[in-house]
Amino acid sequence: MILKNMMITDNFYKIYSEVAKIPKGKVAAYGDIAKRLGTSARVVGNALHKNPDQMLIPCHRVLNRKGEVAGNFAFGGGKEQRRLLEDEGVIFQKNKVDLSSFGW
DNA sequence: CTCTTGACCATGT
DNA sequence: AACATGGCCAAGA
């Protein structure tokens, strides 16, 4: 249980939980999480967009299918997100991550 | 309840 | 490789 008194739906809760389970040094794609939860990628993205709370949700570990960071809407922008990931051991090449290597 | 919108994805041009 | 289109599901107005 990561989220306490936050008013969210069950579907969103599942998404946040799944994101929070991503191991350090790994990343996951919206679509992958979505499939795992039986929903669509848009829903996952939307869920994170509405709750950009980095302290509870490691949204910096969530990338799109290309392995590119989508966080221009998030906290410090792509730069900060990239820095955090590199700090965890994720390697970027040209603003992109090799999902076949770092994909969860 | 209907309509719009979106941190996406796959496919086609 | 970049752009356009359609599909997807859930939330909010």
Side-chain angles (χ1 to χ4, degrees):
Chain A
M1 191 50 139
I2 303 163
L3 308 168
K4 316 173 189 176
N5 30 8
M6 197 182 265
M7 296 287 275
I8 60 176
T9 66
D10 292 343
N11 284 328
F12 272 38
Y13 174 74
K14 285 197 296 185
I15 294 170
Y16 298 136
S17 291
E18 202 66 17
V19 171
K21 285 178 192 163
I22 302 172
K24 180 186 172 191
K26 294 276 180 176
V27 297
Y30 297 101
D32 289 345
I33 297 172
K35 270 186 181 177
R36 219 169 278 140
L37 297 177
T39 186
S40 67
R42 295 188 99 103
V43 176
V44 176
N46 238 312
L48 297 183
H49 188 200
K50 290 183 177 179
N51 294 278
D53 197 336
Q54 207 180 119
M55 306 307 284
L56 300 179
I57 307 158
C59 44
H60 57 277
R61 298 199 190 128
V62 184
L63 311 177
N64 62 23
R65 209 58 172 142
K66 300 171 220 155
E68 199 170 31
V69 171
N72 300 328
F73 280 88
F75 42 104
K79 290 185 180 179
E80 184 65 8
Q81 183 160 5
R82 171 175 177 166
R83 193 188 63 71
L84 287 170
L85 286 173
E86 288 179 327
D87 204 42
E88 295 182 348
V90 177
I91 298 178
F92 276 73
Q93 310 179 17
K94 281 223 122 205
N95 281 15
K96 294 177 189 172
V97 176
D98 181 6
L99 287 178
S100 53
S101 300
F102 295 100
W104 181 29

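In what follows, every chain begins at residue 1, and chains take the letters A, B, ... in the order their sequences are listed. Quick note: numbers below take in every heavy atom, side chains included, and nothing from hydrogens, waters or symmetry partners.
- For A:Arg65, the side chain to side chain contact (heavy atoms under 4.5 Å, CB included) partners are A:Ala29, A:Asp32, not counting sequence neighbours.
- Hydrophobic clustering places A:Leu37 together with A:Ile22 (ILVMFWY residues linked when any side-chain heavy atoms are closer than 4.5 Å, directly or through intermediates).
- Within the structure, the salt bridge (Lys or Arg N to Asp or Glu O under 4.0 Å) test picks out the following pairs touching residues 11-20 of chain A (sequence neighbours left out): A:Glu18-A:Lys21, A:Glu18-A:Arg36.
- With DNA chain B read from its 5' end, the first of the two nearest nucleotides for A:Lys66 and A:Val43 is the one closest to A:Val43.
- Residue A:Cys59 has its side chain nearest to B:dA7 when only B:dC8, C:dA11, B:dA7 are considered.
- The distance between atom CG of A:Leu63 and atom P of B:dA7, rounded to the nearest whole Å, is 16 Å.
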Side-chain donor-acceptor pairs of residues 86-104 of chain A under 3.5 Å, sequence neighbours excluded:
residue	atom	partner	partner atom	Å
A:Glu86	OE2	A:Arg82	NE	3.0
A:Glu86	OE2	A:Arg82	NH2	3.4
A:Glu88	OE1	A:Arg61	NE	2.9
A:Glu88	OE2	A:His60	NE2	3.3
A:Glu88	OE2	A:Arg61	NE	3.4
A:Glu88	OE2	A:Arg61	NH2	3.0
A:Asn95	OD1	A:Arg82	NH1	2.9
A:Asp98	OD1	A:Ser100	N	3.2
A:Asp98	OD1	A:Ser100	OG	2.5
A:Asp98	OD2	A:Ser100	OG	3.4
A:Asp98	OD2	A:Ser101	OG	2.8

5' to 3', nucleotides 1-8 of chain C under a 4.0 Å protein heavy-atom cut-off (B base, S sugar-phosphate only, - none) gives ------BB

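- Among residues two or more places apart in sequence or in another chain, the side chain to side chain contact (heavy atoms under 4.5 Å, CB included) test is passed with A:Ser40 by A:Arg42, A:Val43.
- The phosphate of B:dG6 (OP1 or OP2) has no side-chain N or O of A:Lys50 nearer than 4.0 angstrom.
- Within residues 24-35 of chain A, the residues approaching DNA chain B are A:Tyr30, A:Gly31, by heavy-atom distance under 4.0 Å.
- Distances were taken from every side-chain heavy atom of A:Thr39 (C-beta onward) to each of C:dA11, B:dG6, C:dC9; the shortest belongs to C:dC9.
- Among residues two or more places apart in sequence or in another chain, the side chain to side chain donor-acceptor pair (under 3.5 Å) test is passed with A:Arg83 by A:Glu80.
- Here the nucleotide nearest the side chain of A:Ala41, chosen from B:dA7, C:dA10, B:dC9, is B:dC9.
- Rounded to whole Å, the distance from CG on A:Asn46 to C1' on B:dC9 is 15 Å.
- Placement of A:Ile33 and A:Tyr30 within a single hydrophobic cluster is found when ILVMFWY residues are connected by side-chain heavy-atom separations under 4.5 Å, directly or transitively.
- By the 4.5 Å heavy-atom criterion applied to side chains, A:Asn11 and A:Thr39 are not counted as neighbours.
- Regarding A:His49, its NE2 atom lies at a distance of 14 Å from the C1' atom of C:dG12, rounded to whole Å.
- Within 4.0 Å of A:Asn64, counting heavy atoms only, lie sugar-phosphate atoms of the nucleic acid but no base atom.
- Taking hydrophobic clusters as Ile, Leu, Val, Met, Phe, Trp and Tyr residues chained together by side-chain heavy-atom distances below 4.5 Å, A:Tyr16 shares a cluster with A:Val62.
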